[in-house]
Amino acid sequence: MDECSSSQPTRPRWADDDDDNDDDLILPPRQVIGPDQDGIKKVIEHKLNDENKLVRITTTTRVRKVADARLSKRGVERRAWRKFGHAVNEEAAGAKLTVVSTEDILLERPLPYGSKREESKHQNEKEGTTLMICRSCGRKGNHWTAMCTYKDLSQPIESFSEQDVTSAKDGTKGTYVPPSLRRGAERSSGSDMKRRTEENSVRVTNLSEDTREADLNELCRAFGPVTRAYVATDHSTGMCRGFGFVNFLNREDAEKAIKVLNGYGYDNLILQVEWAAPRTNQI
Amino acid sequence: MRPILMKGHERPLTFLKYNRDGDLLFSCAKDHTPTVWFADNGERLGTYRGHNGAVWSCDVSRDSKRLITASADQTAKLWDVQKGAELFTFKFDSPAKSVDLGVGDKLVVITTDPFMGLPSAIHVKRISSDPSDQSDESVLTIKGPQGRINRAVWGPLNRTIVSAGEDAVVRIWDSETGKMLHESDKETGHKKTITSLAKSSDGSHFLTGSLDKSAKLWDIRSLELIKTYKTERPVNAVTLSPILDHVVLGGGQDASSVTTTDHRAGKFEAKFYHKILEEEIGGVKGHFGPINALAFNPDGKSFSSGGEDGYVRLHHFDQDYFNIRI
């Protein structure tokens, strides 16, 4: 077939095109996939990045109603004003300047005087953090069974949410902070726990020879939970050396025990019960 | 409620002002560019470029056509709100601090700081409706108060000017003669710099906030001290609700306690007090730095706070707020 070479003389011939003039490469148009039933809106734009490569930018936003706005007639007019100053290039979404907070902020009522106003509990529950339930005392709180002492419930229920864990003491993001040093960590755990109950230590003297730990325990249980009962025994003979120690969980119980048991007749001997002298770490 | 966070300013906020219709919010900061936002969704409308120093305060006319701003670059500028165009510049010999338009938007009171030997002063200027007709002339100049005047506002019917500042004394001046009519009592008044002053929506009383950790409510005609609200933090900003008996105080932090700050972020709060019972109703947390500016929307259904962190937080109240009972 013969083709007339001069059919369209005005059309530029592709072979004459200069490759370097493609800076104004036609970009695909901006697409807006309007808010669907969840309010999700997608805006797809194309740009040339620094290396002159075509880049597709997809912005996904959720359109959500924050509040009722009732505008006066003039207010409606003002809504239609063109942007000026630094806002000239902004699109309707207000760019990244305006963000709805992800946190729900409440007008927090002040607590009555005296009660601890620490990390708001609602923050805890809202974040879906684990609520620990202690198996021994059955209470919700900040401790597991191993260190269960009722007294410690007065410590603030520090939220174990991610935000607190990552905001380490020195505020450096990303560094690992061991649990014992984290903000929510129970201070004075472990060793101090023992020392504390050892402050409720009662010394029992004038015990009969055949007294054993179990006897002391049984004797003192009536006053309250006993964490530890010790009877000084002579290893060679197996006989009691005449004295022993009882550690109560609660100080009041220890007091009661002293009051009642001091001078009490036990196994034909008069018991002497008093506060134990503080333990000295010697040897 | 879910506050809307607006980070349009790189430097600390100094002042916030709603227009009369409550659909625009003007914010001033130390970064030289006052900004205007839509007050419903926080979308930025525009910025006013032209100042060369921190912008300390602003006021907008009742028809929302004119904006006036005071800046540390020793000028106060008049702007067209819609276009962002600078219409006129009032030049001073020292940094300008506070502006307030009087009823009718024909008069403006501008205060200037003490600077290089010049004392602080209160200037009254006339605003003409035609910007080309605008003159720089002062109608009245009052000199004299010691220290900086942080805020000066018009009294009822533009007959008086109320000023408060660094010397912790509130003064009422006659706007025609410039004579001082009333002065607050040193015993019952504030003990430290008064940082902020806000009038009630009907203009009959006003609230002052001071670094002495308290805010006081005064009658605007007699300067009688009506109420005192105590907080634990120095007060940087105050505002009153136009529809309920609430006042809001925004505070800062003592310089001495800065290094021992709680590392929990977002704990600076705007405290709500019952205006008459002087009792704390609650606090709204969220700012990462001391709160420097507070403003209530004239419809009373939302308020915004501006902080040292450069953020403006716009809060629309939940229904619960209106049901609060003490």
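First the proteins, then the strands, lettered A, B, ... as listed; each starts at 1. Nothing here was measured: the structure is a model prediction, and the numbers come from that model.
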Region of [X] in contact with chain A, defined by heavy-atom distances below 4.5 Å:
| X | result |
| --- | --- |
| B/Leu24 | side chain |
| B/Asp63 | backbone |
| B/Ser302 | neither |
| B/Val81 | both |
| B/Lys7 | both |

For the side chain of [X] and the backbone of [Y], is there at least one donor-acceptor N/O pair under 3.5 Å apart?
| X | Y | value |
| --- | --- | --- |
| B/Tyr229 | B/Glu280 | no |
| B/Thr231 | B/Lys213 | yes |
| A/Lys83 | B/Arg44 | yes |
| A/Asn250 | A/Ala254 | no |

Review point. Among B/Ala39, B/Ala85, B/Gly84, B/Gly22, which residue forms the greatest number of heavy-atom pairs with chain A at distances under 4.5 Å?
Key: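 Result: the option with the highest number of such pairs is B/Gly84.
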
Review point. Based on non-hydrogen pairs under 4.5 Å, which of B/Arg49, B/Met6, B/His315, B/Arg313 is most in contact with chain A?
Key: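 Sorted descending by pairs with chain A, the first entry is B/Arg49.
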
Review point. For B/Phe38, is the NZ or CZ atom of A/Arg79 found under 6.0 angstrom from the centre of its six-membered ring and inside 45 degrees of the ring axis?
Key: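 Pair A/Arg79/B/Phe38 counts as cation-pi.
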
Check your understanding: Can B/Arg66 and B/Asp105 be said to form a salt bridge (Lys or Arg N to Asp or Glu O under 4.0 Å), step by step?
Key -> CA-CA 9 Å; B/Arg66 297 272 178 272; B/Asp105 299 331; over 6 Å; no

